[in-house]
Amino acid sequence: MDLRRRRLALAVLAAVAMCAATLTAVVEGFDILEILGKHDEFSQFCKLLNETHLAGDINRDRTITVLAVANGDMGHLTGGHYSLGTLRHILELHVVADYYDDKKLKQLSHAATAASTMFQRSGFAPGMAGYVNITQHRGGKVSFIVDDAADSVKPVTYVKQIESHRYDYSVLQVSGVLSSPEAEAPVAPPAPVNLTDILSKKYCKSFAALLAADAKVFDAINGTKDTALTVFCPVDAAVAAFMPKFKNLTAKAKTAILLYHAIPDYYSMQFLKSNKGKVTTLATTNTNKKDYTYEAESKDDTVTLDTTVVTSTIQATVRDDDPLAVYAVSKFLQPKELFKAKTADLAPAPAPEGPKKKKKKKPASGSAAAAPSDDDSADGPSADDSSDDAADKAAAAPASLFARWVTIAVALALALAA
C-alpha cells in the first residue's frame with residue numbers, strides 16, 4: 001500500500017510540474033527577433049526574417065525549432081539574387097515543426113529522422129520537398145539536409161544551441177543555408193492592389209471616402225499595404241452613426257482615429273480567431289506618447305475589438321490575402337485617448353461624494369472646444385487607470401487559481417506519501 005501511495009504521489013507532483021511548465025511557456029511568450037537580437041552574428045538572418053514577415057508567423061507558432069545561420073555563413077542569401085517571396089520559402093526551411101534541443105539531437109533514435117518544416121506546410125512544397133533529414137553521426141556530429149536537395153549539395157551541421165524552452169521552442173545555430181530547388185524557385189511578385197477600390201466595392205464606401213480625404217492617412221495606410229497591413233473598416237451605417245462626433249474632432253484627432261483602424265501587420269482570420277491580445281495600430285506608431293491600442297479576441301467564432309470605449313465585431317471579410325487583410329466591422333473604433341471609456345453594465349452605485357464642483361458651461365455644438373483633441377483625452381487619466389487595473393486583475397486571476405491548485409495538489413501528494 002505504501003508503494004502504491006508513493007507512486008500516486010509522484011504522479012501528482014509530475015502533473016503539477018508539467019502544468020507549471022506549460023503556464024510558464026504561455027506567460028513568457030516567444031519573440032525570435034528578440035532572441036537573435038542578443039547576438040550580433042545573426043543580424044542578417046534577423047533582418048531577412050523581419051523583411052519577409054516570417055518572424056511574426058514563427059512567434060505565433062508553437063513547438064518549433066529555428067535553425068539560425070550566422071552572418072558569415074549566409075552565402076548567396078544576401079546578394080540580392082532572390083525576391084522576398086523566394087527568400088521567405090528558403091527561410092521557411094529553417095523552421096522545423098518539432099522541438100529539437102542539444103540533448104534531443106544527440107539522442108536521436110536510429111541515428112536519423114525526417115522533420116517537416118514551415119515550407120512544407122506552406123502549400124508550395126510538392127511531395128517530400130520541405131522535409132529536413134536530421135542525422136546523427138559518429139562522434140556526436142549532427143547534420144541537416146533537405147529531402148529534395150541536389151546530389152551535389154552538402155549537408156549543414158549543427159553548431160550550438162542558442163536558446164530553448166523545453167517542449168515549446170528551440171533556437172539552434174547551423175553551419176550554413178539549407179538548399180532546396182523547390183524553395184529556391186522564383187516567386188512572382190504580387191499583383192498591384194488598389195486599396196480604395198477594395199474598400200469601395202464592399203461595405204466600406206463611406207470609410208474609403210474618409211481615408212481619401214486625409215492625404216496623410218491615405219499615404220500611411222496605402223504605403224503599408226504591400227508589406228503587411230490589416231484594416232478594420234466600419235460599415236457604412238457605422239460611419240453614418242459616428243459622423244456627428246467625427247465632424248467635431250480636431251484635424252489631428254481625425255488623423256489619429258483613422259490610423260487607429262489600421263494595423264501594420266497581416267492578421268489572417270484564422271489568426272484572429274485563435275489568438276487574443278492587444279494590437280498596435282498605425283496611430284500608435286505615428287503619434288508620440290499615445291497608446292492607441294485595443295484588444296482583439298474571439299468568442300463563439302466571433303472576433304471582437306474592444307477599445308474600452310466601444311466593442312466592435314467583424315461582420316465580413318473584405319480581403320484576406322497575405323500581406324493585406326481588410327475586415328468590415330460593426331462600429332467605428334473609438335480610442336480611449338479621445339473618448340470616455342465605457343463603464344461596466346452592472347457597476348455598483350458610487351459612494352457619496354463631497355460637494356460637487358460647479359460644471360463648466362458647455363460650448364455650443366459644432367465649436368472646436370466641443371471636440372476632444374488628440375492631446376487631451378476626453379475622459380482624463382481615470383480611463384487609462386481603470387483599464388490598466390482591469391488588465392492587471394485579468395492577468396492575476398489565472399495565476400492565482402493556478403497557485404491554489406498547485407498548493408492543493410502538493411498537499412494531496414504529501415498526504416499520500418505519508
Side-chain angles (χ1 to χ4, degrees), residues 52-61 84-85 88 118 121-124 187-212 217-218 220-242 257-284 292-307 309-335:
T52 59
H53 305 293
L54 187 58
D57 291 337
I58 291 173
N59 294 341
R60 290 189 281 266
D61 212 332
L84 280 180
R88 179 184 171 96
M118 191 172 280
R121 297 189 305 176
S122 69
F124 292 94
V187 176
V193 173
N194 188 311
L195 185 60
T196 304
D197 285 350
I198 292 174
L199 292 174
S200 298
K201 287 179 181 178
K202 290 184 177 181
Y203 312 108
C204 308
K205 288 184 178 181
S206 299
F207 188 70
L210 291 178
L211 297 183
V217 171
F218 185 81
I221 294 178
N222 195 56
T224 312
K225 73 179 188 307
D226 295 325
T227 53
L229 177 68
T230 300
V231 177
F232 296 111
C233 65
V235 296
D236 292 339
V239 174
F242 183 71
I257 201 170
L258 292 176
L259 290 173
Y260 188 61
H261 288 75
I263 301 170
D265 200 354
Y266 166 69
Y267 286 169
S268 67
M269 178 57 76
Q270 180 182 3
F271 172 73
L272 288 171
K273 287 185 176 181
S274 60
N275 289 268
K276 175 185 177 181
K278 186 174 288 188
V279 297
T280 299
T281 68
L282 280 178
T284 306
Y292 285 108
T293 62
Y294 43 85
E295 294 286 336
E297 62 178 324
S298 177
K299 185 177 181 182
D300 298 330
D301 210 36
T302 298
V303 178
T304 62
L305 309 173
D306 188 355
T307 73
V309 180
V310 296
T311 299
S312 186
T313 61
I314 292 181
Q315 302 291 292
T317 299
V318 179
R319 181 188 177 95
D320 185 358
D321 187 10
D322 191 3
L324 174 64
V326 180
Y327 304 104
V329 296
S330 61
K331 294 181 181 180
F332 211 101
L333 301 178
Q334 301 175 40

Notebook entry, point to check: Could you state the interatomic distance from CG (D265) to NE2 (H53), rounded to the nearest 0.5 Å?
Noted result: 8.0 Å
Next item on the list: Only one of T311, V309, T281, V310 passes side chain to side chain contact (heavy atoms under 4.5 Å, CB included) with Y294; say which it is.
Entry: T281
Checklist line | V187 and R88: CA distance, side-chain angles, deciding distance, side chain to side chain contact (heavy atoms under 4.5 Å, CB included) verdict | finding: CA-CA 10 Å; V187 176; R88 179 184 171 96; over 6 Å; no
Next item on the list: Step by step, work out the side chain to side chain contact (heavy atoms under 4.5 Å, CB included) result for F271 and R60.
Entry: CA-CA 8 Å; F271 172 73; R60 290 189 281 266; 2.3 Å; yes
Notebook entry, point to check: Is it true that the side chains of Y266 and D320 contain a donor and an acceptor less than 3.5 Å apart?
Noted result: yes
Next item on the list: Report yes if some heavy atom in the side chain of L54 is under 4.5 Å from a heavy atom in the side chain of M118; otherwise report no.
Entry: yes
Item checked: Lys/Arg-Asp/Glu bridge criterion (N-O < 4.0 Å) met for D57, R121 -> no
Next item on the list: Mind checking the CG-SG spacing from L333 to C233? Nearest 0.5 Å is all I need.
Entry: 10.0 Å
Item checked: Sidechain-backbone polar pair: T230 side chain, A325 backbone, donor-acceptor under 3.5 Å -> no
Next item on the list: Would you name the heavy atoms of L195 and N222 that are closest together and state the gap between them?
Entry: CB-OD1, 3.9 Å
Check: Do the ring planes of F332 and H261 sit parallel (below 30°), tilted (30 to 60°) or perpendicular (above 60°)?
Finding: perpendicular
Next item on the list: Taking S312 for its side chain and L305 for its backbone only, find out whether a donor-acceptor pair lies under 3.5 Å.
Entry: no
Checklist line | Non-hydrogen side-chain atoms of L258 and F207 separated by less than 4.5 Å | finding: yes
Item checked: L210/F242 under side chain to side chain contact (heavy atoms under 4.5 Å, CB included): CA gap, chis, key distance, verdict -> CA-CA 12 Å; L210 291 178; F242 183 71; over 6 Å; no
Next item on the list: For residues T280 and P264, report the shortest heavy-atom separation together with the two atoms involved.
Entry: O-CD, 3.4 Å
Item checked: Gap separating the CG atom of D306 from the CD atom of E297, nearest 0.5 angstrom -> 7.0 Å
Notebook entry, point to check: Do T227 and T224 come within less than 4.5 Å of each other through their side chains, counting heavy atoms only?
Noted result: yes
Item checked: Under 3.5 Å: donor-acceptor pair, side chain of S200, backbone of D197 -> no
Notebook entry, point to check: To the nearest 0.5 Å, how far apart are NZ in K276 and OG1 in T304?
Noted result: 9.0 Å
Check: Could you state the interatomic distance from CD1 (I263) to CZ (F232), rounded to the nearest 0.5 Å?
Finding: 4.0 Å
Notebook entry, point to check: A328 and V318: which non-hydrogen atoms are nearest, and at how many Å?
Noted result: N-CG2, 4.0 Å
Item checked: pair V193-D321: side-chain heavy atoms closer than 4.5 Å -> no
Checklist line | Interatomic spacing from NZ in K273 to OG1 in T302 - rounded to 0.5 Å | finding: 7.5 Å
Check: So which heavy atom on G277 is nearest to which on E295, and how close?
Finding: C-OE1, 3.4 Å
Margin query: Is the shortest side-chain heavy-atom distance between L272 and Y327 below 4.5 Å?
Written below: yes
Margin query: Would you say CZ of F124 has more than 12 non-hydrogen atoms from neighbouring residues, nucleotides or ligands within 6.0 angstrom?
Written below: no
Check: What is the minimum heavy-atom distance between Y260 and A283, and which atoms define it?
Finding: N-CB, 3.7 Å
Checklist line | Considering all heavy atoms, the nearest A208-L199 contact | finding: CB-CB, 3.7 Å
